[in-house]
Amino acid sequence: MKIRAMTFNIQHTVDFMNGSLNPELMANTIRAFNPDFCVLNEVYGHQDGARVVFEDQAKLIAELAGMPFFAFRPATIVDGSPYGNAIVARRPMESCRTVMIPDPLVRDDPNAAYETRCIIAADFGKYAVLGSHFGLSLPEKELAVKTVLTVLESTEKPVILCGDFNMTPDDGLLAPIFSRLRDTASVMTEKKLSFPSDRPRMKIDYIFASGEFEILCADIPPVIASDHRPHIADLVLPD
């Protein structure tokens with residue numbers, strides 16, 4: 001089975017070039033790479049009466065991108081609307097659940113924008129997909145990694161882990177994930193960065209795969225849509 005995985009922090013569809021909400025741009029970016037699934041970070045759901053009312057962005061992007069299936073799993077409420085991660089896909093998910101990442105007990109970093117986070121965990125039958133957007137502070141990152149490891153230990157199927165982890169590959173906090181899964185970017189012939197999208201200075205977006213997968217290729221294409229560049233990878237899962 002060949003699988004094209006994609007991960008994309010859409011910054012709730014903000015067009016990086018002009019600051020407007022542009023779900024069509026995000027959907028067209030996904031459509032251009034024809035993935036089997038795409039993990040989305042920074043996604044709003046719809047909530048009537050919210051201070052800022054958004055459309056159901058996962059549903060809208062799935063429709064615009066020609067992806068028949070989608071799931072949205074909020075982690076928190078922002079401006080009165082649900083906010084979190086999503087997956088749009090060409091194949092149906094057998095199930096999809098939310099795994100909450102615990103909040104740090106102490107929030108003492110005045111420079112950190114603390115935010116409750118989660119993992120979206122989807123079962124595609126022969127394999128599982130995990131998607132997340134890690135926090136910015138050290139304790140948030142530690143708790144995110146710990147939670148991912150717990151989910152990995154309880155997942156019996158081959159796993160693809162995607163998202164914006166707000167850490168570069170040399171960050172020691174990511175070492176336990178690197179020891180269990182393979183970063184698909186390892187097959188790239190040149191080093192590619194993902195953030196910010198116009199002049200990227202760092203790689204903080206990832207597609208990891210468990211050992212059952214063969215990694216055919218991976219790319220972080222020079223696309224300016226949101227503030228992050230998308231990341232794609234072609235994988236093979238033996239039948």
Side-chain angles (χ1 to χ4, degrees), residues 4-35 37-44 52 54-55 57-58 60-62 64-67 72 75 78-79 81 83-88 109 111-115 117 120 131-137 140-141 144 160-171 173-174 183-208 215 217-234:
R4 171 161 284 189
M6 182 172 181
T7 191
F8 191 21
N9 183 327
I10 61 169
Q11 198 189 15
H12 57 275
T13 79
V14 174
D15 185 332
F16 185 79
M17 299 304 293
N18 60 31
S20 66
L21 294 182
N22 193 342
E24 292 85 1
L25 175 61
M26 307 306 158
N28 289 340
T29 300
I30 296 168
R31 183 191 289 270
F33 296 103
N34 194 31
F37 72 84
C38 182
V39 168
L40 305 176
N41 305 127
E42 297 192 18
V43 183
Y44 272 109
V52 181
F54 292 91
E55 298 181 76
Q57 293 185 332
L60 178 60
I61 289 172
L64 292 171
M67 308 285 271
F72 169 61
V78 177
D79 291 324
S81 294
Y83 186 72
N85 305 295
I87 296 175
V88 296
D109 184 347
N111 299 314
Y114 291 95
E115 181 184 305
R117 311 278 177 159
I120 183 170
S132 192
H133 182 197
F134 292 0
L136 296 169
S137 72
E140 285 178 305
K141 294 173 182 177
I160 303 170
L161 169 66
C162 305
D164 169 7
F165 295 166
N166 277 314
M167 288 182 275
T168 56
D170 59 351
D171 194 312
L173 287 178
L174 283 177
D183 183 3
T184 59
S186 64
V187 305
M188 293 182 188
T189 56
E190 60 180 293
K191 183 178 180 181
K192 295 195 174 184
L193 309 177
S194 65
F195 180 83
S197 58
D198 60 338
R199 296 180 180 179
R201 300 186 301 272
M202 62 186 75
K203 179 185 183 295
I204 57 176
D205 299 272
Y206 296 87
I207 300 175
F208 286 98
I215 304 171
C217 61
D219 194 16
I220 299 176
V223 172
I224 302 174
S226 79
D227 59 340
H228 289 246
R229 292 186 175 185
H231 188 346
I232 58 175
D234 288 342

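Residues forming a ring-ring contact (aromatic ring centres under 6.0 Å, His included) with His133 (at least two apart in sequence, or on another chain): none. Taking the ring-ring contact (aromatic ring centres under 6.0 Å, His included) definition, one finds that Phe16 meets it with nothing, sequence neighbours left out. For the ring-ring contact (aromatic ring centres under 6.0 Å, His included) test, residues two or more places apart in sequence or in another chain that qualify with Phe37 are Phe124. Looking at residues two or more places apart in sequence or on another chain, you find a side-chain hydrogen bond (donor to acceptor under 3.5 Å, both in side chains) between Asp79 and Arg51. Take Tyr206 and apply the ring-ring contact (aromatic ring centres under 6.0 Å, His included) test, not counting sequence neighbours, and it matches Phe165, Phe208. Listed by chain and number, the residues in a salt bridge (Lys or Arg N to Asp or Glu O under 4.0 Å) with Lys203 are Asp183 (sequence neighbours excluded).
Judged purely by atom type and a 3.5 angstrom limit, Asn166 uses its side chain to pair as donor or acceptor with the backbone of Phe134. Gln57 contributes a side-chain N or O that, together with a main-chain N or O of His12, makes up a donor-acceptor pair within less than 3.5 Å. Not one N or O on the side chain of Ser197 forms a donor-acceptor pair closer than 3.5 Å with the backbone of Ala225. Without hydrogens or angle criteria, Thr7 side chain to Ile207 main chain gives no donor-acceptor distance under 3.5 Å. Side-chain atoms of Arg117 do not come within 3.5 Å of backbone N or O of Ser132 as any donor-acceptor pair.
Across every non-hydrogen atom of Ile10 and Ile61, the tightest pair is CD1-CD1, 3.5 Å. Between Ser81 and Phe54, the shortest heavy-atom contact is OG-CD1, 4.0 Å. Across Arg4 and Asn34, no two heavy atoms sit closer than the pair CD-O, 3.8 Å. Heavy atoms only, all atoms of each residue included: Ser226 and Asn9 are closest at OG-O, 2.5 Å. Shown here for Arg229 and Ile220, the closest heavy-atom pair between the two residues is CB-CG2, 3.8 Å. In terms of heavy-atom proximity, Val39 sits nearest to Gly131 at CG1-CA, 3.8 Å.
Annotation: the span from Ile87 atom CD1 to Met6 atom CE amounts to 13.5 Å, rounded to 0.5 Å. Distance CG/Asp164 to NE2/His231: 11.5 Å, rounded to 0.5 Å. Rounded to the nearest 0.5 Å, atoms CG (Leu64) and OG1 (Thr29) are 11.5 Å apart. One distance of note links CG of Asn18 with CG of Asp15; it measures 4.0 Å at 0.5 Å rounding. Between the OG1 atom of Thr184 and the CD1 atom of Ile232 there is a distance of 9.5 Å, given to the nearest 0.5 Å.
Crowding of Glu55 atom CD: a count of heavy atoms from other residues, nucleotides or ligands under 6.0 Å not exceeding 12. Atom CE of Met17 has 12 or fewer heavy atoms from other residues, nucleotides or ligands within 6.0 Å.
Side-chain contact of Asn22 with Ser20: a donor-acceptor pair under 3.5 Å is absent, judged by distance alone.
Considering only heavy atoms from C-beta on, Val88 comes within 4.5 Å of Leu40 through its side chain. Two residues are said to be in side-chain contact when any heavy atoms from C-beta on lie closer than 4.5 Å; Ile204 and Ser194 meet this criterion. Residues Asp219 and Phe33 form no side-chain contact, since every pair of their non-hydrogen atoms from C-beta on lies 4.5 Å or further apart.
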Margin query: I'd like to know whether Asp205 forms a side chain to side chain donor-acceptor pair (under 3.5 Å) with His228, so could you lay out the CA-CA distance, the side-chain angles of the two residues, the decisive distance to 0.1 Å, and finally the verdict.
Written below: CA-CA 8 Å; Asp205 299 272; His228 289 246; 2.8 Å; yes
